[in-house]
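Bear in mind the structure is a predicted one, so any value in this text is a computation, not a measurement. Below, chain A is the first sequence line, B the second, and so on; all start at residue 1. What you see below is based on every heavy atom in this structure, not just the backbone, and it leaves out hydrogens, waters and symmetry mates.
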2 protein chains.
Amino acid sequence: MKKETRKQEIVRIAAKLFKSKGYSAVTMRDLATAMGIKAASLYNHIDSKQAILQDIIIDIAEDFTSGMQTIIVGNTNSIERLEQIIQLHVRIAVDSADNLAALNSDWMHLENKLEYYLKLRQDYENNFRKIIETGILNREIASVDPDVLMFSMLSTLRSLYLWIPKKGDVKLDELSYSLSQILISGINI
Amino acid sequence: MKKETRKQEIVRIAAKLFKSKGYSAVTMRDLATAMGIKAASLYNHIDSKQAILQDIIIDIAEDFTSGMQTIIVGNTNSIERLEQIIQLHVRIAVDSADNLAALNSDWMHLENKLEYYLKLRQDYENNFRKIIETGILNREIASVDPDVLMFSMLSTLRSLYLWIPKKGDVKLDELSYSLSQILISGINI
DNA sequence: AACATTAACTAACAAGTGTTAGTTTTTTTG
DNA sequence: CAAAAAAACTAACACTTGTTAGTTAATGTT
């Protein structure tokens, strides 16, 4: 475990602040105060406020993308893949809750990287939908509206970061199990 | 159908802007431009930017509260009540999508009314949880973690406003049906 | 026509915004 | 210890923020 750089520390604290007030409402002076330094000193480590947001969001977005890649190259059926998607979201929500908050709430404030982010999200959803459609075709998944199912699952999974903190010390496996039970057993045939 | 006042028009347009950029990122000059007037002119109709946010959020929050009241005084079983909750969220999401966005994303920017809002939300969730717990006790609902079930349902229902616009002209009844199927049939015994 | 109301305007202010320039202090390294 | 690098500082900039004051134009009502 290498020690985090000063820059990483700033980005981490920024994510925490963004989570509670949103990107636009957090000023560089807020961030500096939270770091115990002056606003101008931040610029020894980071390029701009915008660059911080990019760091936070793109990092997580690519984590989801590579996670999905791993899932779809595996030799697994549709139900197993949905379970793996749940595990992917739980893992990221548990150890990057603050970053996830920014991704969910502040992606629209991305400037240069906005297009790239939207592309990643689009691809992710397309892969997700494909898994569902294949599952329905193969009669592994009940015949429901694929879009409604995907958005229902995604809504829950994307909101995980909001209430995981409330549940105290959540066992990663137990949570994945509870979610699989609720999200999947209802559509399982 | 009475004509909307100028103030209502301002609040409606503000909600639309808040939805796309968030409360903090929308300036009074943005709002004025969208209304085709100057920023100072807004103050002939509204008290402050904060008052607009309060109008938007408290209105919807009370709508949910009274909807929940109607549900829990009815002589219905737990599954029926969950279906009614789904219908409540669908109805509000369909005809107040923009206001819902503010409620979901900008509630933390409430000042005076923050405490009141949190109280309403707390009460709502307590009623929701009670319905689930009663359902499990009465063996109408499968034995799952009540909190996980509630947050799963609430996550989906609270995100409705995000993707209802994408589905084009959604039939209110069809959507409620699809959601009931996906959210409830899995936990039905 | 006279009046009252509604709704717009211009001009400005005080505070807050992200960021830069230049300098000094602290820490690390040879 | 001396040199280099990292990290902090003060001061200021150009611009934007919500909001107020005072005034003018448009609309509706006797």
Side-chain angles (χ1 to χ4, degrees), chain A residues 1-58 98 102 105-114, chain B residues 1-58 98 102 105-114:
Chain A
M1 47 179 106
K2 334 186 172 74
K3 215 176 86 212
E4 79 181 340
T5 67
R6 195 77 171 130
K7 173 177 171 174
Q8 289 169 332
E9 193 181 353
I10 290 174
V11 171
R12 180 170 55 79
I13 301 295
K16 203 168 115 186
L17 294 181
F18 291 167
K19 183 183 182 187
S20 70
K21 306 170 58 181
Y23 175 75
S24 300
V26 174
T27 72
M28 296 304 274
R29 285 163 181 83
D30 290 339
L31 177 52
T33 301
M35 292 288 301
I37 60 178
K38 300 286 165 145
S41 306
L42 294 169
Y43 289 83
N44 285 316
H45 310 280
I46 52 101
D47 288 338
S48 63
K49 187 186 181 188
Q50 172 68 200
I52 296 178
L53 186 67
Q54 287 175 15
D55 264 28
I56 294 171
I57 292 183
I58 300 300
D98 295 344
S105 305
D106 287 316
W107 58 267
M108 75 287 283
H109 297 119
L110 285 173
E111 292 164 10
N112 295 336
K113 292 283 170 67
L114 176 57
Chain B
M1 46 181 106
K2 336 184 172 75
K3 215 175 85 209
E4 79 180 341
T5 66
R6 196 77 170 128
K7 173 176 172 176
Q8 288 169 332
E9 193 182 353
I10 289 174
V11 171
R12 181 171 53 82
I13 300 295
K16 203 168 117 186
L17 294 181
F18 292 168
K19 183 184 182 185
S20 71
K21 306 170 58 181
Y23 174 75
S24 300
V26 174
T27 71
M28 295 304 275
R29 285 163 180 82
D30 289 340
L31 177 53
T33 301
M35 292 289 300
I37 60 179
K38 300 288 166 149
S41 306
L42 293 169
Y43 289 84
N44 286 315
H45 308 281
I46 53 102
D47 288 338
S48 63
K49 188 186 181 188
Q50 172 69 200
I52 295 177
L53 187 67
Q54 288 178 14
D55 264 29
I56 293 171
I57 292 183
I58 300 300
D98 296 344
S105 306
D106 287 317
W107 58 266
M108 74 287 283
H109 297 118
L110 284 173
E111 293 164 9
N112 295 336
K113 292 284 171 69
L114 176 58

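- Other residues, nucleotides and ligands place more than 12 heavy atoms under 6.0 Å from the CG atom of A/Asn44.
- A/Leu42 has its CG atom 10 Å from the P atom of C/dT19, to the nearest Å.
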In residues 30-39 of chain A, what donor-acceptor pairs under 3.5 Å come from side-chain atoms, sequence neighbours left out?
from, atom 1, to, atom 2, distance (Å)
A/Asp30, OD1, A/Thr27, OG1, 3.4
A/Asp30, OD2, A/Lys21, NZ, 3.3
A/Asp30, OD2, A/Thr27, N, 3.1
A/Asp30, OD2, A/Thr27, OG1, 3.4
A/Thr33, OG1, A/Arg29, O, 2.8

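- A pairwise comparison of heavy atoms in B/Gln50 and B/Asn112 identifies OE1-N, 4.5 Å as the closest pair.
- Look at CD1 on A/Ile46: it is 7 Å from P on C/dT19, rounded to the nearest Å.
- Pairs engaging residues 10-31 of chain B under the ring pair (Phe, Tyr, Trp, His ring centres under 6.0 Å) rule: B/Phe18-B/Tyr23, B/Tyr23-B/His109 [sequence neighbours left out].
- When each of B/Asp106, B/Leu53, B/Leu17 is checked for a side chain to side chain contact (heavy atoms under 4.5 Å, CB included) with B/Val26, only B/Leu17 meets the rule.
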Where protein sits on nucleotides 7-18 of chain C, one letter per nucleotide: B base, S sugar-phosphate only, - none, heavy atoms under 4.0 Å: SBBBBB----BB

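- Here the C1' atom of nucleotide C/dT6 and the CE atom of B/Met35 are 14 Å apart, to the nearest Å.
- Classification of B/Asp98 and B/Lys16 as a salt-bridged pair fails, no side-chain N sitting under 4.0 Å from a carboxylate O.
- Atom NZ in B/Lys7 sits about 14 Å away from atom P in C/dT6, given to the nearest Å.
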